[in-house]
Amino acid sequence: QLQLMESGGGLVQPGGSLRLSCAASGLTLDRYAIGWFRQAPGKEREGVSCISSYDSSTVHADSAKGRFTISRDNAKNLVYLLMNNLKPEDTAVYYCAARLMYTDLHKVCEGYYGMDYWGKGTLVTVSS
């Protein structure tokens, strides 16, 4: 069964850090562009950070630039999202998703492409 699984969410104080992990069952992540998306209560889902399958280049939403880092560990078949200086507005369910065929990583993160696989999400709550 092909599936993605997120982990690492939790409660953190403003200014704190979390590292989310995206693991895969039945697929090799380095063949896919991987995106981290989030959905806050009452808001639409948005792309946060994405990493290319071709050269591991990355793109970030403006809200994530300078604070979030997306990376791969191909040996472990994992993708990470390191989130620093977290803010209350970062509170959301975070999902990882995979896309095999694409030409523009920005469009992956913008949701232009339908993603091939989604995880079930992990909740991040930033609160004092």
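The basis for the numbers below is simple: all heavy atoms, side chains too, and nothing from hydrogens, waters or symmetry mates.
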Kindly state each residue pair satisfying side chain to side chain donor-acceptor pair (under 3.5 Å) with at least one member in residues 107-128, sequence neighbours excluded. Thr103-Tyr113
Reported [atom1]-to-[atom2] distance for the pair [X] and [Y], which is rounded to 0.5 angstrom:
X	Y	atom1	atom2	result
Leu105	Arg99	CG	CZ	12.0 Å
Ser56	Arg72	OG	CZ	5.0 Å
Leu86	Thr91	CG	OG1	8.5 Å

Sequence neighbours excluded, every pair satisfying disulfide (SG to SG under 2.5 Å) that has a member inside residues 12-41: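 The answer is Cys22-Cys96.
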Partners passing side chain to side chain donor-acceptor pair (under 3.5 Å) against [X] (at least two apart in sequence or in another chain):
X	result
Asn84	Ser17
Tyr32	none
Glu89	none

Side-chain heavy atoms under 4.5 angstrom apart, residues restricted to Ile, Leu, Val, Met, Phe, Trp, Tyr: same cluster for Val48 and Met115? no
Kindly write out the residues that satisfy ring pair (Phe, Tyr, Trp, His ring centres under 6.0 Å) with Tyr95, not counting sequence neighbours, or none if the list is empty.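 So Tyr95 forms no ring pair (Phe, Tyr, Trp, His ring centres under 6.0 Å) with any residue.
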Checking Val93, Leu11, Leu18 against Val124 for side chain to side chain contact (heavy atoms under 4.5 Å, CB included), the one that qualifies is Leu18
Taking the side chain as everything from C-beta on, heavy atoms only, tell me whether Arg31 gets closer than 4.5 Å to Leu100.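 Sidechains of Leu100 and Arg31: in contact.
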State, with a plain yes or no, whether a side-chain heavy atom of Ser25 is found less than 4.5 Å away from one of Leu2. no
Which atom names give the shortest non-hydrogen contact between [X] and [Y], and what distance separates them?
X	Y	result
Phe37	Ala97	CE1-CB, 4.0 Å
Leu20	Tyr94	CD1-CB, 3.6 Å
Tyr102	Ser53	OH-N, 2.8 Å
Leu123	Ala92	CD1-O, 3.6 Å
Ala61	Gly47	CB-O, 3.4 Å

Let me check something: any side-chain donor-acceptor pairs from residues 73-80 under 3.5 Å, sequence neighbours excluded? List them with distances.
unit_1: Asp73; atom_1: OD1; unit_2: Ala75; atom_2: N; d: 3.2
unit_1: Asp73; atom_1: OD1; unit_2: Lys76; atom_2: N; d: 3.2
unit_1: Asn77; atom_1: OD1; unit_2: Leu29; atom_2: N; d: 2.8
unit_1: Asn77; atom_1: ND2; unit_2: Leu27; atom_2: O; d: 3.0

Without swapping roles, check the side chain of [X] against the backbone of [Y] for a donor-acceptor pair under 3.5 Å.
X	Y	result
Glu6	Gly121	yes
Arg19	Met83	no
Ser52	Tyr54	yes

Can you name the residues that form a side-chain contact (heavy atoms from CB on, under 4.5 Å) with Cys109, not counting sequence neighbours? Cys50, Val59
Pairs in or reaching into residues 41-60: which pass salt bridge (charged side-chain N to carboxylate O under 4.0 Å, His left out), with residues at least two apart or in two chains?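 Non-adjacent pairs meeting salt bridge (charged side-chain N to carboxylate O under 4.0 Å, His left out): Arg38-Glu46.
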Which side-chain N or O atoms in residues 64-71 pair as donor and acceptor under 3.5 Å with protein atoms at least two apart or in another chain?
unit_1: Lys65; atom_1: NZ; unit_2: Asp62; atom_2: OD1; d: 3.1
unit_1: Arg67; atom_1: NE; unit_2: Ser63; atom_2: O; d: 3.4
unit_1: Arg67; atom_1: NH1; unit_2: Asn85; atom_2: O; d: 3.0
unit_1: Arg67; atom_1: NH1; unit_2: Asp90; atom_2: OD2; d: 2.7
unit_1: Arg67; atom_1: NH2; unit_2: Ser63; atom_2: O; d: 2.7
unit_1: Arg67; atom_1: NH2; unit_2: Asp90; atom_2: OD1; d: 3.0
unit_1: Arg67; atom_1: NH2; unit_2: Asp90; atom_2: OD2; d: 3.4

